[in-house]
Trainee: 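Pasting a structure here, questions to come.
Keep in mind that this is a model prediction, so the values were computed, not measured.
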Amino acid sequence: DITFSDITMKTKGRILITGMTEQPLENLTFRNIFMRVTGFESLERASQPRGAANVKPVAKKVNRGPTPAAFVMANGKGITLDGVRIRWDAPPDSAAREERHALYFSEVERLTITGVQGGPALANGKLAAIGFDRVSDVFLSGSKADPGTGVFIGRNGGAGAEITLTGNDLRHAGKAVAEGRLYIPTP
């Protein structure tokens with residue numbers, strides 16, 4: 001069990017956390033995290049770090065490096081986000097502003113999200129504020145969509161019944177949940 005708490009950051013980068021399909025990261029908690037995104041790193045050549053020098057590359061591993069999101073979590077079990085806020089500080093009409101999810105999860109089981117606030121980088125863009133790609137057993141409560149959020153949750157795979165929403169403020173979201181509206185990585 002590992003907890004990251006009370007962290008404030010100002011960045012043009014992202015948070016990228018990933019386990020392996022055969023060895024997912026387990027029981028991680030992110031509490032009271034404030035991420036102020038002041039620009040956009042280029043994702044054109046972004047690549048997921050391989051790990052330690054003595055780690056052998058995994059065949060056909062999905063590269064999460066180019067995932068367009070401020071916070072990316074892949075291959076995990078028992079993940080908790082509590083009080084995570086994403087704020088996009090690039091001007092809304094800036095030509096440099098790109099499509100990005102605030103949060104993106106892929107192949108995560110038992111995900112609890114409480115008190116999250118944010119939206120996609122582009123108001124009413126193609127991507128949802130939160131992307132769920134093959135995510136199961138999700139409980140999302142007490143969270144708030146930023147103004148201009150077209151879709152709060154974009155999902156791919158998994159049964160809709162595996163996402164429980166309760167006590168969220170989605171007044172600024174055009175739709176709470178929609179199939180699609182998220183980035184799908186390729187191997």
Trainee: Show the nearest heavy-atom pair for residues T149 and N124, with the distance to one decimal.
Mentor: C-OD1, 4.2 Å
Trainee: For L28, which of T80, I2, D1, L81 qualifies under side chain to side chain contact (heavy atoms under 4.5 Å, CB included)?
Mentor: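 Of all the options given, the one that passes is I2.
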Trainee: Heavy atoms, side chains only, cut-off 4.5 Å: are K175 and R181 in contact?
Mentor: no
Trainee: Do I163 and I79 belong to the same hydrophobic cluster, where Ile, Leu, Val, Met, Phe, Trp and Tyr are linked whenever their side-chain heavy atoms lie under 4.5 Å apart, directly or via other members?
Mentor: yes
Trainee: Consider side chain to side chain contact (heavy atoms under 4.5 Å, CB included). Of D82, L140, V84, which one does V116 pass it with?
Mentor: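 That would be V84; it is the only one of D82, L140, V84 passing the side chain to side chain contact (heavy atoms under 4.5 Å, CB included) with V116.
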Trainee: Parallel, tilted or perpendicular: which one describes the rings of F105 and F132, with boundaries at 30° and 60°?
Mentor: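 Rings of F105 and F132: tilted, as their planes differ by 30° to 60°.
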Trainee: Measuring from atom OG1 of T3 to atom CZ of R31, what distance do you get when rounded to the nearest 0.5 angstrom?
Mentor: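 Going from OG1 on T3 over to CZ on R31, the span is 5.5 Å.
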Trainee: Taking E26 first and then K77, would you say they form a salt bridge - that is, a charged N and a carboxylate O separated by under 4.0 Å?
Mentor: no
Trainee: Consider side chain to side chain contact (heavy atoms under 4.5 Å, CB included). Of L182, T67, V108, which one does D133 pass it with?
Mentor: L182
Trainee: How are the rings of Y183 and Y104 set relative to one another: parallel (under 30°), tilted (30 to 60°) or perpendicular (over 60°)?
Mentor: perpendicular
Trainee: For salt bridge (charged side-chain N to carboxylate O under 4.0 Å, His left out), just list the numbers for D137 and R110, CA-CA rounded to whole Å, side-chain angles, deciding distance to a tenth of an Å, and then say yes or no.
Mentor: CA-CA 5 Å; D137 193 9; R110 298 186 327 270; 5.5 Å; no
Trainee: With the 4.5 Å side-chain cut-off for hydrophobic clustering, are L170 and V151 part of the same group?
Mentor: no
